Amino acid sequence: MFDPTLAEIRFGTGLSPKLSPPGSVRDLLDGVRVRDAMARRFPIEPYDVFRHRIRAHMDAQKAYRQNRGKPEEQELNEARKQLRRSANSAYGDFFRNAFLRRIHTETGFRERLSFFWQDHFTARGRLQVARNATGPYVEEAIRPNLSGRFEDLLIAAVTHPLMLSYLDQNQSVGPNSRLGKRSARRGNAKGLNENLAREVLELHTLGVDAQYSQYDVRELAELFTGLTFKRDLTFQFKAALAEPGAETVLGKSYGPGGGLREVKAVLRDLARHPATAKHLSKKLALHFISDQPDPALIASMEQAFLDSDGELLSVYSAMLSHPASWSPKSQKVKLPFDFMASALRALNVDEKTLKNTRTRDLRNILYVPMQIMGQPWEAPNGPDGWPEENNYWITPQFMAARLQWALAAPQALRQTLPDPRDFARAALGDRLPKDVAFAAGAAENRWEGIALVLTSPAFQKQ
Amino acid sequence: MSVILPRRGFLKLSAAIGCSAAASPLLTPVSLASAPGERRLIVIILRGGMDGLDVLRPMGDRDFASHRPNLAASGRDGLRLTEFHGMHAALKDLRPLWADGDLAFVQATSTPYRDKRSHFDGQDLLEAGTIDLAPMGRRTGWLNRMLPHLPGAEERTAFALGREDMLLLTGETPVSNWSPEVDLTLSSQGLRLLELMMQSDPEMAASMAEAIALAGSDGDSVTFEMSEDAMMDEMMADAKEARKGKTHLKIADFAAEQLRGESRIASFSVGGWDTHANQQRALNGPLERLSEVILRLKDQLGARVWDQTSVLCMTEFGRTVRENGTKGTDHGTGGTMIMAGGAIRGGRIYGEWPGLAEADLYQRRDVMPTSDVRAWAAWAMHDSFGLPKSVFENQVFAGLDMGSSPNLLL
């Protein structure tokens, strides 16, 4: 059952030579509830701040385009470039702070959950400055909702402007809405886009194996019409876009004319659906425990979900209280970000060092190697996020990329490298295997010793 | 990058072009397999659901323009292929291939996947080549299931270790991944210790062993003395290389190089087809990339090998017949398959046209499939490798009725 070292490795961000691991399941759960110390210490702009950057850049871009060839062209060009530089520099800070949070947190389970739900609700900006909006979106929609009910998290994520943009919802128009009819009269008919509705059912709630049909997708898409954002990129429910009449999703009728209230109602129903309980319990177990999670574990989480109407803390508690979650053998390989961040934490990389490393160098030391390991930062291929299965990540080129990084990066981020034998103990604690201890001691030089510890199966698995 | 190739192929790998497949969201790794004979087969998976109606436009269908007021209009002056069909203008560089008989299309084709229209399941089914999805972990890909039937292929490929992440080539015959952009440098002592440590985890050990083999041929060039600074420089250099674009061309170059040698089968994917909005703009990029890949393969294979080559470009599903409200298209059913290569009997359109009148559509929204995309793949493999039809109908695509030969290949 509960073991502090295992807790920090499997459910946290890895062992730190400076910070002590959680002492109980209770500690782990409390860590998700208490004040978000890392968010304060290493801030990432919430979307409500970041959106001004996107808007300002869009406006500057437009002004520049409209004034090409005129005397003010150069000035306008400089203005838009300045905005882009400033946004890129902020993005560099978000990236840096994401690592710093992992290095310094005493509530690592929260960081892991934040990543899990960010991935579950993958959303990305499309163009220019908006492409850097993932962090701000997570800060606003995901991170504050890790310990409440799933339905609140779902509503926050699904109605967020970044999600609406990512899955084309802001462009979806009810064919019989005021705007839809007007556009048809003008010969430029606008209509539905079912992208968000489909992914809400398939990815965010019920899961693809559940009983729902194209009809449900369509009706949900009609119900979603009206979800959009304003010119200032804040959320708006725009009644002129909304398809009139009631819509039937999974046999239940919503509306008519209920607007945002009915959208929230359907999301709450989907959030509490038994298929959602099952889908999410399995996905959590798959993420934290094993590619073949114990059915009893999933059943226990599912029950906790249903009994509490989707209280996430109850679900986490069911997971952390189940013996299958504490099997001594680690079964999940760390994703590249988990791997790199836990390495930096074990190396106790200095806050100042990371802050003083130029963004350009951070690209080469962290950002690009993460791509080569298969996980370009905040850029999964689709709305389904990163694959959970080990066999996606344990491939020759990804393993080689980890080894190469483990050889080169530590010396770039530390003035002096620790003795590999000490490092092995710091990184793996009482779970340090004999062969890893031997390899650390027998290495020819420090950097290989450290790389061997980081590449060991014991370190790469959670 | 995924490779099955003879051992001496390893020696050439470290000299291969730096390829940043792993860093590219648009491409997944190449898989290659060796097989006897001279014929080559390249399968390109178009991930995201290519809108076949926009790529191969049924301009002669009287309902086409009304379903797609914007998209059909944008192609009015497109490239006419037949009395009935036009080709998307972004494929204009492929026009000489059409004229030479090296380019063909299959219209209104699809996998057996229906109704849920999920990319992820759709792609899995396309690569598994089955009617239904088997449970995760037990799925194998159809290209892999053919390999054991090729005489001589099995022992020549048996040495390859590790895993592969394109389901299409996953299965009994081992395949592996590689990305030549990673250069490993470890002392021989470090290498020995690494091997020792990896023994506790067979899966990781297998991947790492292959990485070392691929990175520097049996470990020798992996191991040499290096200073700390040189190591840093090398990682930085690799990182910079990975940031440069055009990875799809590097993949094509790498595939061509292997196919000029002993490899006979290659597979990789090109993404970016999920055009829910503003398709007029959004479809140009992936089509141009695909066109560049095909032309690069032709160029790098050389005339002699190109004449033996079939390139099959397949997607998980087509898209809705009607434009959606955002000048794009949503997930549909019947789609289009693109075939290229000197071995293809090209300059023609294969498959029956179902029509686009309301009553002719699948569920009143999608192109009605008139053929199973697996049958075309089966005939291409049948004609390339001379295997009996029963192998395809019973094992590669169990339960498939291939029908009579469409004479795809010259």
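Residue numbers start from 1 in every chain, and the chains themselves are labelled A, B, ... in the order their sequence lines are given, proteins ahead of strands. Small disclaimer: the values here were computed from a predicted structure and weren't measured.
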- Task: Go through B:Q199, B:R192, B:M198, B:K327 and name the one with the most non-hydrogen pairs under 4.5 angstrom from chain A.
- Result: B:M198
- Are the side chain of B:D366 and the backbone of B:G318 linked by a donor-acceptor contact shorter than 3.5 Å? no
- Top contributor to chain A contacts, counting heavy-atom pairs under 4.5 Å, from B:R365, B:E323, B:Q363: B:R365
- Closest non-hydrogen atom pair, A:R402 against A:L335: NH2-C, 3.9 Å
- Among B:W273, B:Y113, B:F317, the one residue meeting ring-ring contact (aromatic ring centres under 6.0 Å, His included) with B:H331: B:F317
- Item | Backbone N/O of A:P293 and side chain of A:K282: donor-acceptor pair under 3.5 Å | no
- Sequence neighbours excluded, the answer for side chain to side chain contact (heavy atoms under 4.5 Å, CB included) partners of A:T122 is A:D119, A:Y166, A:P380
- Item | Any A:R198 side-chain heavy atom under 4.5 Å of B:D330 side chain | no
- Query: Do the side chain of A:S290 and the main chain of A:Q331 share a donor and acceptor less than 3.5 angstrom apart?
  - Reply: no
- Message: Quick check on the structure: residues of residues 206-217 of chain A within a heavy-atom distance below 4.5 Å of chain B, by number.
- Response: A:V208, A:D209, A:A210, A:Y212, A:Q214
- Message: Below 4.5 Å, heavy-atom pairs only: which of A:A442, A:A443, A:P175 has the largest tally toward chain B?
- Response: A:A442
- Task: Quick one: which of A:L192, A:D291, A:L203, A:V173 has the most heavy-atom pairs under 4.5 Å with chain B, could you say?
- Result: A:L192
- Message: Restricting to non-hydrogen atoms, name the atom on A:R431 and the atom on A:S330 that form the minimum distance, rounded to 0.1 Å.
- Response: NH2-OG, 3.2 Å
- Taking every non-hydrogen atom, the tightest pair across A:M340 and A:P369: CE-CB, 4.2 Å
- Query: Non-hydrogen atoms of chain A under 4.5 Å away: do they reach the side chain of B:D115, the backbone, both or neither?
  - Reply: backbone
- Task: Examine whether an atom of B:R322 lies under 4.5 Å from a heavy atom of chain A, and if so say whether it belongs to the side chain, the backbone or both; otherwise answer neither.
- Result: neither
- Query: Which bit of A:E202 comes within less than 4.5 Å of chain B, counting heavy atoms only: side chain, backbone, both or neither?
  - Reply: side chain
- Task: Identify which part of A:T455 has an atom lying under 4.5 Å from any heavy atom of chain B, answering side chain, backbone, both or neither.
- Result: both
- Message: Only pairs of heavy atoms separated by less than 4.5 Å count here; which of A:D384, A:V333, A:V436, A:L201 has the most with chain B?
- Response: A:D384
- Note on the structure: Assert top hit (heavy-atom pairs under 4.5 Å, partner chain A, pool B:S200, B:G190, B:S118) equals B:S118
- Message: According to salt bridge (charged side-chain N to carboxylate O under 4.0 Å, His left out), does anything in residues 164-192 of chain A pair up with another residue at least two apart or in another chain? List the pairs.
- Response: A:R126-A:D168
- Using the test salt bridge (charged side-chain N to carboxylate O under 4.0 Å, His left out), find all partners of A:R446 that sit at least two apart in sequence or belong to another chain. none
